[in-house]
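Single-structure report; data block below.
Lettering follows sequence order; numbering is per chain, from 1.
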Amino acid sequence: MSMVILLVRILVSVGFLWFIVRISGKHALGDAHPLDFIVAILLANLTKYMLLGQVSLPEGLVAIGLLGWMHMFVHLLSQRSPALQKRFWGDPVLLVRDGRLQRTTLARARITYAQFDSMLRGAGIERLSDVQEMRLESDGKVSIIRREGTRPLANLHLLDKPENPREEGPWSHAA
Amino acid sequence: MEMQVLLMVAVRAAIVYAFLFVVVRLLGKRKLGSHSALSLVIAILLADLASQAIFGTVSIGYALVAVSIVAAMYFIGDFFSYRHPRLQQLMIDEPRTLIRDGEILQHELAAERISTMELWSMLRQHGVDDLSEVKLAVMEPSGHLTVIRQEWAREALKSDLQMMRRDEA
């Protein structure tokens with residue numbers, strides 16, 4: 001295949017890849033959720049086949065377009081409906097509540113005690129009693145809310161928090 | 001014969017590595033990677049092309065030309081979007097504010113196709129469980145949420161302690 005054809009193939013395939021990535025939005029492709037990451041790799045892989053002429057241009061465009069559109073659609077649906085959100089991406093799992101380890105949920109999430117300890121150390125926490133809530137979020141990352149007394153000092157000039165009703169996040173089903 | 005094949009793979013791998021090294025260096029610091037979704041996909045694409053060159057499923061010259069052109073396109077797009085803000089808006093997603101002064105901006109959330117549950121999950125990863133603490137939460141082009149806390153919810157600094165001591169004196 002001549003270099004001119006290669007150039008045309010690259011222009012078309014990379015241009016289309018850019019278009020799909022651009023309309024997918026920041027959140028849909030990236031390292032946030034494993035599926036987003038895998039789709040990013042998959043799109044790059046399909047582009048490579050198209051670019052090297054191992055599949056025809058129309059085949060490549062259909063595959064990349066459909067895959068990108070489906071992934072975008074899944075994100076759109078889960079944005080619209082909390083039920084689908086849970087179905088698609090899973091529920092956050094509560095690992096610690098009020099400084100107490102939730103052994104059953106830890107087992108269900110298949111997290112070993114060694115892994116759990118390393119997560120705590122990663123957050124700079126020595127004692128479990130410092131943790132108010134610890135969750136395994138649906139993107140596979142861990143979130144930790146420290147107990148009120150063990151949080152870093154809030155700004156000393158303005159120690160008093162304005163009187164606002166506290167607005168808390170939705171609780172996980174797992175307890 | 002078998003040894004020869006293995007030797008060829010090793011030689012090609014060395015050439016491809018050296019070539020990728022030069023290309024990524026030329027693109028500049030932190031250009032490829034998870035800076036934006038596009039740069040992540042381009043980085044994977046370059047790796048993918050390189051892997052074909054190593055196993056010789058396409059000729060090495062051909063694959064390296066393809067790597068160069070893709071990298072050059074990326075460089076040109078990056079170069080011009082840096083010069084022209086208009087073009088940048090078209091090329092790259094802009095950061096989008098999702099929470100301002102403790103209030104979730106629902107239409108912005110919908111525009112990014114992020115559900116309230118996902119937003120809370122990202123907030124908790126910043127140690128936030130109280131919305132009123134949040135002054136600003138922005139979805140960055142990398143797909144990560146950045147959070148700026150209200151003044152009263154920020155950590156105390158050394159200068160705060162010094163100021164308190166001065167007030168006492």
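B/Leu64 has its side chain within reach of B/Ile15: a pair of non-hydrogen atoms, C-beta onward, lies under 4.5 Å apart. Residues A/Leu95 and A/Val93 meet the side-chain proximity criterion, which asks for heavy atoms closer than 4.5 Å.
Taking chain A as the reference chain and counting heavy-atom pairs below 4.5 Å, the highest number among B/Ala63, B/Ser115, B/Ser51 is found for B/Ser115. Comparing A/Leu43, A/Ile144, A/Thr47, A/Ile41 by how many heavy-atom pairs each has under 4.5 Å with chain B, the most go to A/Ile41. Counting heavy-atom pairs closer than 4.5 Å to chain B, the top-ranked of the candidates A/Leu77, A/Ile10, A/Leu46 is A/Ile10. When A/Gln85, A/Met72, A/Arg146 are compared by the number of non-hydrogen pairs under 4.5 Å with chain B, A/Gln85 comes out ahead.
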Exercise. Verify side chain to side chain contact (heavy atoms under 4.5 Å, CB included) between A/Leu136 and A/Phe116, making sure each step is shown before the conclusion.
Key: CA-CA 11 Å; A/Leu136 180 66; A/Phe116 179 80; over 6 Å; no

Quiz item: A/Val131 and A/Leu120: side chain to side chain contact (heavy atoms under 4.5 Å, CB included), yes or no, with the steps?
Solution: CA-CA 9 Å; A/Val131 179; A/Leu120 276 187; 3.9 Å; yes

Quiz item: Step by step, would you call A/Val14 with B/Tyr74 a side chain to side chain contact (heavy atoms under 4.5 Å, CB included)?
Solution: CA-CA 9 Å; A/Val14 177; B/Tyr74 183 73; over 6 Å; no

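Contact of B/Gln150 with chain A is not made at all, since no heavy-atom distance falls under 4.5 Å. If you measure heavy-atom distances from A/Leu76 to chain B, the contacts under 4.5 Å come from both the backbone and the side chain. Only the backbone of A/Ile23 comes within contact range of chain B, with at least one heavy atom under 4.5 Å from a heavy atom of that chain. Of the two parts of B/Met139, the backbone and the side chain both hold a non-hydrogen atom closer than 4.5 Å to a non-hydrogen atom of chain A. For B/Ala110, the parts lying near chain A are the backbone and the side chain together; criterion is any non-hydrogen pair under 4.5 Å. With a threshold of 4.5 angstrom between heavy atoms, A/Leu11 approaches chain B through its backbone and through its side chain. Using a 4.5 Å cut-off between heavy atoms, A/Ser81 makes no contact with chain B at all.
Considering CD1 of A/Ile20 and CG of A/Leu17, their distance stands at 8.5 Å, rounded to 0.5 Å.
Closest of all the heavy-atom pairs between A/Asp91 and B/Met117 is OD1-CE, 3.6 Å.
For the side-chain hydrogen bond (donor to acceptor under 3.5 Å, both in side chains) with A/Ser143, the qualifying choice from A/Glu133, A/Glu137, A/Arg135 is A/Glu137, the only one to do so.
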